[in-house]
**Q** 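Shown below is the structure under consideration.
Everything numeric here is computed off the predicted structure, so don't read it as measured data. Read the numbers this way: they start at 1 and go in the same order the structure lists the ligands and their atoms.
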Amino acid sequence: MKRAMQAVRISGFGSAEDVLEYADVPVPRPPGKGEVLVRLRATSVNPIDCRRRGGYGRALLRLRGIGGFPQILGSDISGEVVAVGPGVSELQAGDAVFGAKSPSIHGTYAQYCLVKAAEVVRKPASLSFAEAAALPYAFLSAWAGLTDAGFRAEAATGRRVFLQGGTGGTGVVTLQVCRALGAHVAVTAGPQGIDLCRRLGANEVFDYRTQDFSRHLDRYDFAICLADQSEEAKMISILRPGPGTGYATLVHPLMSLVDAKGLLRGGIQAVRIFLRERSSQKRHRRAYAWSLFRPDRAALELLAELAEKGTVQAVIDRAYPLSAMAEAHEYSESGRAKGKIVIEIE
Ligand SMILES: NC(=O)c1ccc[n+]([C@@H]2O[C@H](COP(=O)([O-])OP(=O)(O)OC[C@H]3O[C@@H](n4cnc5c(N)ncnc54)[C@H](OP(=O)(O)O)[C@@H]3O)[C@@H](O)[C@H]2O)c1
């Protein structure tokens, strides 16, 4: 086993060009109980990586003990297991795996990464490492939103789902999964993303720059915000009354309020906004959630199964080598990506 590996780390907050450093760093220690060491072949850039690089969420991350430097960012795991820790029976060295790692200062912008065995499953053989890196974090985040809104895989047939932002990394995979499960899916996209959303199976596609989806859609079961929280009222207006319906957003002000106003003032303000909105939806017997990425092995297995069948495909906008991370971050921050920005790791 090598002692040093290539990784991209940050030692302070700032712009992509200023703080992303491609460097030789020590290979992680051998895996402990319930962990595996993965030789990464690919990962991806998620918008949260760029925000964390700029200091977003620092107060809450510090509280969780993951705010120190140097940090290696990155969540998507796609590679081969090289060593397993005590208590890991379902995986062995040589297995190709994919998954997503919870926030950490030892992330996946690296040749090797320690991960919890529960956070990865076998990579479908039909996916390349780059394709497998494009799916897990984005999907599991949106799946957390769908689940919090009340969506269930086993009861998805015929349910009407609105996804605001069909072309982002989260949108392209979630749209395909919802369609594969039998849901009717409407999405919004920019003009260059309309054809892509149709190709991925969306039943209805609205150009968010020129069309108001809320004038065309009614009595939907679920609405998930994957792009712009300022449209929350419109998204909620297309929902039928519950039970069994709901709204969830991945784009909420919790972290930014805490960053701006401190843990106490920011936290209290966030909780107040959340409780006010939730109680207003309760009157209509609808769920209301601010969702966050969370590991979900059953959902990861569902994703693997659908990818293996070919009903869910990776949509890669651009691929960069690990050494070009600053360019990859800048492209992600442009907000123009259609699908995912993948990082290939030699
Ligand atoms: N809470 C969490 O744990 C969590 C987890 C994952 C993601 N997120 C957040 O969820 C959001 C989506 O993530 P992502 O990975 O999908 O981002 P992304 O890949 O950067 O999404 C970019 C896409 O969004 C589209 N878009 C922008 N504004 C839009 C609008 N108003 N309506 C419809 N589409 C719009 C863009 O289309 P155009 O180029 O045509 O504008 C572009 O295709 C981000 O804000 C991210 O930070 C949160």
**Q** Any luck finding a side-chain donor-acceptor pair between Q176 and T311 under 3.5 Å?
**A**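 Absent: no donor and acceptor within the cut-off.
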**Q** Is the NZ or CZ atom of K282 both under 6.0 Å from the centre of the six-membered ring of Y288 and within 45° of that ring's axis?
**A**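 Cation-pi check for K282 and Y288: fails.
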**Q** If the plane angle is over 60° it's perpendicular, under 30° parallel, otherwise tilted; pick one for F151 and F222.
**A**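 Rings of F151 and F222: perpendicular, over 60°.
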**Q** Using a 6.0 Å distance limit plus a 45 degree cone around the ring axis, check whether R39 lies over the aromatic ring of Y112.
**A**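 Pair R39/Y112 counts as cation-pi.
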**Q** Using the six-membered ring of F13, assess whether NZ or CZ of R53 lies under 6.0 Å from its centre and within 45 degrees of the ring axis.
**A**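 No; the conditions do not both hold, so R53 does not lie above the ring face of F13.
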**Q** So which protein residues pack against ligand 1 under 4.0 Å, heavy atoms counted?
**A**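 Near ligand 1, by chain and number: P47, R51, Y137, S141, G165, T167, G168, G169, T170, T188, G190, Y208, R209, L226, A227, D228, L250, V251, S291, L292, F293, G335, R336, A337, K338.
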**Q** Between K340 and D317, does any NZ, NE, NH1 or NH2 come within less than 4.0 Å of an OD or OE carboxylate oxygen?
**A**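 Salt bridge absent between D317 and K340.
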